[in-house]
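Right, one structure below, let's go through it.
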Amino acid sequence: MQVETGKAATAFEWRPQFLEMLLARRCFAMGRYADDFYTSSGSYQAARIPFGGVMRAAPTLAAAFSYTLNTNNGAADNPTVDSLCVGVFATATGNCAFVVDWTADAEL
């Protein structure tokens, strides 16, 4: 939608779809991250997940761990303009895994 003041309308300014997507990704990103690893009980496993572009500011995060195996206390935090950090504590020695769904919102 394009809004203008005055009595005469001007031509609508079209931008390529890829440019619109790049601009939208500056404000919002979402994804799913899965990890499995072998470790000892009580250890902490962390990963930095890139957004796939640079956001306009450090975003607000929302995350939900949809699957865990021998892990707990998962957190998604420490967002920057291009990535976020997820981590979990292992509750048992051996195979551990988790899946986290996340959104990053840097709206105006």
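The structure presented is a predicted model; accordingly, all values stated were derived computationally and were not measured.
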Inset, instruction - Mind checking the OG1-CG spacing from T71 to D36? Nearest 0.5 Å is all I need. - result: 11.0 Å
Inset, instruction - If you link ILVMFWY side chains whenever their heavy atoms are less than 4.5 Å apart, which other residues fall into the same cluster as Y67? By chain and number, please. - result: L69, V99
Legend entry - Residues clustering with V54 (ILVMFWY side chains joined when closer than 4.5 Å, directly or via others): V81
Could you give the side-chain donor-acceptor pairs of residues 18-33 under 3.5 Å, partners two or more places apart or in another chain?
unit_1 : atom_1 : unit_2 : atom_2 : d
E20    : OE2    : R15    : NE     : 2.7
E20    : OE2    : R15    : NH2    : 3.2
R32    : NE     : D101   : OD1    : 2.6
R32    : NH2    : D101   : OD1    : 3.1
R32    : NH2    : D101   : OD2    : 3.1

Legend entry - Worked check of side chain to side chain contact (heavy atoms under 4.5 Å, CB included) between F65 and W102: CA-CA 9 Å; F65 285 78; W102 56 270; over 6 Å; no
Which donor-acceptor pairs under 3.5 Å do side chains of residues 84-92 form with protein atoms, sequence neighbours excluded?
unit_1 : atom_1 : unit_2 : atom_2 : d
T91    : OG1    : N70    : O      : 3.1

Inset, instruction - For S83, enumerate each residue passing the side-chain hydrogen bond (donor to acceptor under 3.5 Å, both in side chains) test, keeping only those at least two apart in sequence or located in another chain. - result: R48, T80
Inset, instruction - For residues M55 and D82, determine if any side-chain heavy atom of one lies less than 4.5 Å from a side-chain heavy atom of the other. - result: no
Inset, instruction - Report the distance from atom CG of N95 to atom CZ of F37, rounding to the nearest 0.5 Å. - result: 9.5 Å
Legend entry - Check: S40 main-chain N/O paired with S43 side-chain donor or acceptor under 3.5 Å: yes
Inset, instruction - Report the residues that fulfil side chain to side chain contact (heavy atoms under 4.5 Å, CB included) with P79, sequence neighbours left out, ordered by chain and then residue number. - result: P59, L61
